[in-house]
Amino acid sequence: MTLTNELDMSTVAEPMLPRPFRVIAKRAETHDTITLDLEAADGGPPLIFLPGQFTMVYVHGVGEVPLSISGDPEQPEILTHTVRAVGGVTNAIFALNHRDVVGIRGPFGTSWPTGIGKDLVIVAGGIGLAPVRPVIYQALAHRDRHYCVGLAYGARTPSEVLYRDELREWNDRPDINIEVTVDRGERGWRGSVGVVTPLVERLRCSAGEAVAIICGPEVMMKIVARTLGDRGVQRDNIYVSLERNMKCGIGLCGHCQFGSDFMCKDGPVVPYTAVEKRLEIGSI
Amino acid sequence: MNLADLRASSDLVAGLNDDEFEFFESLATETTLKPDEVLFRENGEAKRFFIVARGILALEVERAAKPSTTVQTLGDGALLGLSWRLTPHRWMWTARAMTETRLAVFDASFMRAECERNPDLDRLMWKAVAEEASKRLHHTRIQLLDLYGSG
């Protein structure tokens with residue numbers, strides 16, 4: 001199972017050699033999540049990427065982690081990552097300041113389908129909004145490629161909703177439908193409370209004509225994929241993003257193996273039908 | 001109230017045959033709520049049940065001296081007010097409109113009497129209530145998993 005990657009991989013000259021990138025902006029999204037904008041610090045070319053791809057981000061003296069690129073693919077001179085502080089390396093990234101330098105390898109992995117000529121239904125949960133944000137940027141920059149574009153997003157609480165200003169801006173646009181829900185409401189929250197699946201119906205996209213992009217916790221992706229299939233989205237048009245313990249990023253070390261595939265090169269974006277049965281096996 | 005629009009959003013209405021549809025339409029009245037308007041309050045008598053035609057309602061629990069807490073929101077097509085079918089026929093939650101909301105309204109006492117008289121109708125309504133309750137239980141279980149929590 002190998003998806004075609006449309007990117008010219010010759011831009012990744014030395015996949016095991018990190019390039020220095022400098023922090024040029026840092027934004028707090030929630031109490032434990034930040035977004036960093038980085039620029040190349042070696043005078044080299046910008047990092048061209050496709051929506052859905054990731055880089056390996058190296059903090060000197062601490063370690064390296066895979067992070068999905070969350071920025072605009074049409075503005076590659078700024079490399080953007082959204083990071084939740086959950087471990088040693090991500091806490092070190094969380095603590096970076098303006099002008100700090102990290103090492104970047106990549107981009108690696110497969111990309112989201114473009115869905116040209118189809119309705120684009122995007123369902124994201126929690127930090128899963130980060131890897132699909134490039135898809136939204138691209139869809140809005142080329143709005144004539146799709147009949148309907150819709151985002152259904154679920155977060156734990158209102159204060160953990162990512163990209164709040166952007167969500168408001170997108171919600172004000174007539175050419176994209178945005179629905180947001182939280183698992184638990186807070187004082188002042190006037191939006192939906194509950195799971196993300198019922199929101200998909202409100203997007204008013206045509207199920208039979210849709211490409212569905214799902215990103216979030218695997219349990220959530222499984223449930224959403226099944227629900228979308230039951231509601232008429234063609235199963236071959238449902239895509240998910242699977243994270244595994246990526247180390248080399250280029251399919252050599254085997255850490256990210258998932259059945260017969262390496263998620264760093266055969267993923268992270270995969271058709272749901274290709275992994276559906278494997279997601280039920282607890283020992284993989 | 002004309003229920004034709006509800007065929008697309010309500011599983012109950014979508015599953016009605018022509019005679020059943022005519023019966024439901026003859027019973028349904030319509031109400032519209034403004035944002036923040038309360039449809040029914042926790043522990044009130046469940047004299048009616050509803051189908052959401054358009055809008056979003058919050059199911060809330062009221063707390064002494066504190067703002068109420070929303071536990072779930074319901075949108076288009078939702079069957080609302082399940083307590084009409086289950087003793088002691090008292091609302092378990094408060095329902096408040098979050099947006100301008102239009103609902104089809106049905107008289108609970110009349111429907112219970114009709115269900116006693118007509119076993120087919122009785123089965124239809126129990127099926128609708130069970131499916132709505134099952135859907136909400138499934139959603140609540142997913143919420144309880146706290147999928148988006150760290151770790």
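Just so it is clear: chains get the letters A, B, ... in the order the sequence lines come, proteins before strands, and each one is counted from 1. As the structure is a prediction and not an experimental result, all values here were calculated from the model. The figures here come from the full heavy-atom set of this structure, side chains too, leaving out hydrogens, waters and symmetry mates.
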| query | Which bit of B:T69 is near chain A, if near means a heavy-atom gap under 4.5 Å: side chain, backbone, both or neither? | reply | neither
| query | For the residue pair B:T73 and A:G191, what are the closest heavy atoms and their distance? | reply | CG2-O, 3.9 Å
| request: Select, from A:G87, A:S192, A:G216, the one with the greatest count of heavy-atom pairs under 4.5 Å involving chain B. | output: A:S192
| Take atom CZ in A:R164; do more than 12 heavy atoms of anything else shown fall under 6.0 Å from it? | yes
| note | Scored by heavy-atom pairs under 4.5 Å with chain B, the best of A:M220, A:R190, A:E201 is A:R190
| Is chain B contacted by the side chain of A:R187, its backbone, both, or neither, given a heavy-atom distance below 4.5 Å? | side chain
| Is it the case that more than 12 heavy atoms not belonging to A:R202 sit under 6.0 Å from its CZ atom? | yes
| request: Sort A:L199 into side chain, backbone, both or neither according to what part of it lies under 4.5 angstrom from a heavy atom of chain B. | output: neither
| field | Contact listing (chain A partner; residues 21-44 of chain B; heavy atom under 4.5 Å) | value | B:D36
| message | Would you say CD of A:E276 has more than 12 non-hydrogen atoms from neighbouring residues, nucleotides or ligands within 6.0 angstrom? | response | yes
| request: Measure the shortest side-chain to side-chain distance between B:L147 and A:E218 over non-hydrogen atoms and say whether it is less than 4.5 angstrom. | output: no
| task | Might you confirm whether atom NZ of A:K247 has over 12 heavy atoms from other residues, nucleotides or ligands at distances under 6.0 Å? | result | no
| said: Testing the basics here: between B:Y148 and A:A155, what is the closest heavy-atom pair and its distance to 0.1 Å? | reply: CD1-C, 3.4 Å
| Which atoms of A:T197 approach chain B - backbone, side chain, both or neither, heavy atom under 4.5 Å | side chain
| said: Taking B:D146 first and then A:R156, would you say they form a salt bridge - that is, a charged N and a carboxylate O separated by under 4.0 Å? | reply: yes
| field | Residues of residues 175-186 of chain A with any heavy atom under 4.5 Å of a heavy atom in chain B | value | A:D183, A:R184, A:G185
| Should we count CG of B:D18 as having more than 12 external heavy atoms under 6.0 Å? | no
| query | When you look at A:V219 and B:L145, which way does the side-chain contact (heavy atoms from CB on, under 4.5 Å) test go after all the steps? | reply | CA-CA 9 Å; A:V219 171; B:L145 284 174; 4.0 Å; yes
| field | Atom CZ of B:R141 with >12 non-hydrogen neighbours under 6.0 angstrom | value | no
| task | Determine which residues belonging to residues 118-126 of chain A lie within contact range of chain B, meaning some heavy atom pair is under 4.5 Å apart, and list them by number or answer 'none'. | result | A:G125, A:G126
| query | Under 4.5 Å, heavy atom to heavy atom, which residues of residues 108-140 of chain B contact chain A? | reply | B:H138, B:H139
| request: Would you mind checking which part of B:L59 comes under 4.5 Å of any heavy atom in chain A, side chain (CB onward), backbone (N, CA, C, O), both or neither? | output: neither
